[in-house]
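Taking it in order: structure first as structure tokens, then the write-up.
Every chain is numbered from 1, with letters handed out A, B, ... down the list of sequences. The basis for the numbers below is simple: all heavy atoms, side chains too, and nothing from hydrogens, waters or symmetry mates.
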There are 2 protein chains.
Amino acid sequence: MPDLDAIDRKILASLQTDSRLTMQELADKVGLSVSPCHRRVKLLEERGVITRYVATVDQKALGLHVSVFISIKLARQKEEDLNRFARAISKWDEVLECYLMTGNRDYLLRVVAADLSSYEAFLKNKLTRLDGIASIESSFALSQVKYSIALPV
Amino acid sequence: MPDLDAIDRKILASLQTDSRLTMQELADKVGLSVSPCHRRVKLLEERGVITRYVATVDQKALGLHVSVFISIKLARQKEEDLNRFARAISKWDEVLECYLMTGNRDYLLRVVAADLSSYEAFLKNKLTRLDGIASIESSFALSQVKYSIALPV
DNA sequence: CAAAAATTGGTATAATTTACCAAAGAGACG
DNA sequence: CGTCTCTTTGGTAAATTATACCAATTTTTG
């Protein structure tokens, strides 16, 4: 697996910002003509460097006014317990991110909800019904200062 | 500003998952023909519901093996201080997310880095050089259990 | 330095997007 | 209950864009 040269990185930086660029525009940006630029993009897709193309949606426009970070400790941390938790989390659309953490909590989740009462519904009907959870602690975000999908290349 | 009907929501759900669907494919999914589907998408863009189109890139493929959550307290929380902090954060590509929080910290950041030493470089050369920071606490992610860009519609 | 391999760029074709217009459907009002 | 108006839909044609193919150039290797 050959690694990424300077042009590949320019392509990734551009497409992470705007995937609707035409091949002509992208080629101009990275200093190639359309053909090799197109082939590089296809290769990046095949190699799994580019994983997908998505539209981003405005959270406010959807009425999702609440963002919460949840710290979770499990009663036990055997692989079986971790897998069970991961499977449950993965099904729920409200959970946008979930990380297994070092330190004094096991998981950190980012959850969005329309308002406090629908967040409460998420807690009552979903999260707290899971077995094996020792503690849950919610921290609320007052505002999103920065949100980027673009990894540094 | 008319709000979103069931078809708009289907469109958003689909495009949040795969923005490379052709209008024909998208139209089939939502039960319309190409023309009205196309017009709805354009309207969603103009109204700012769809904010952008981006490619997502594999973090491992870029060699970014470290994900860190950083809790930050500022010495003072005047608007001036918050703005200064927000401006600095926004410039740094390593910071993917930043939230102003309730509770006993002011900000929560998600930062990525190639390895521990480049994370250390980020701390030493950037974050700790900011004025007005009272405390910094890093929590490391062992793994990403879930990561989604798709807001629930 | 020469041969081989990889990468590039141009052109032609296929696929997709977009603009335009007529037809169907939904809502308001007498 | 019907008719007028406004909105949304669907089909067609033109323009734009993506993609496949091949020759030319550059880079790598022995």
Contact pattern, 5' to 3', of nucleotides 7-18 of chain D - B, S or - by protein heavy atom under 4.0 Å: --BBB-----SS

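Ion pairing between a basic and an acidic side chain is recognised when a charged N comes within 4.0 Å of a carboxylate O; Glu137(A) and Arg105(A) show no such pairing.
Two residues are said to be in side-chain contact when any heavy atoms from C-beta on lie closer than 4.5 Å; Tyr147(A) and Thr56(A) fail this criterion.
Between Tyr107(A) and the choices Phe69(A), Tyr99(A), Phe85(A), the ring pair (Phe, Tyr, Trp, His ring centres under 6.0 Å) rule is met once, by Phe85(A).
Taken from CD1 in Ile11(A) to CG in Leu32(A), the straight-line distance is 6.5 Å, to the nearest 0.5 Å. To the nearest 0.5 Å, atoms CZ (Arg40(B)) and CZ (Arg47(B)) are separated by 9.5 Å.
Between the CG atom of Asp28(B) and the C1' atom of dT16(C) there is a distance of 14 Å, given to the nearest Å.
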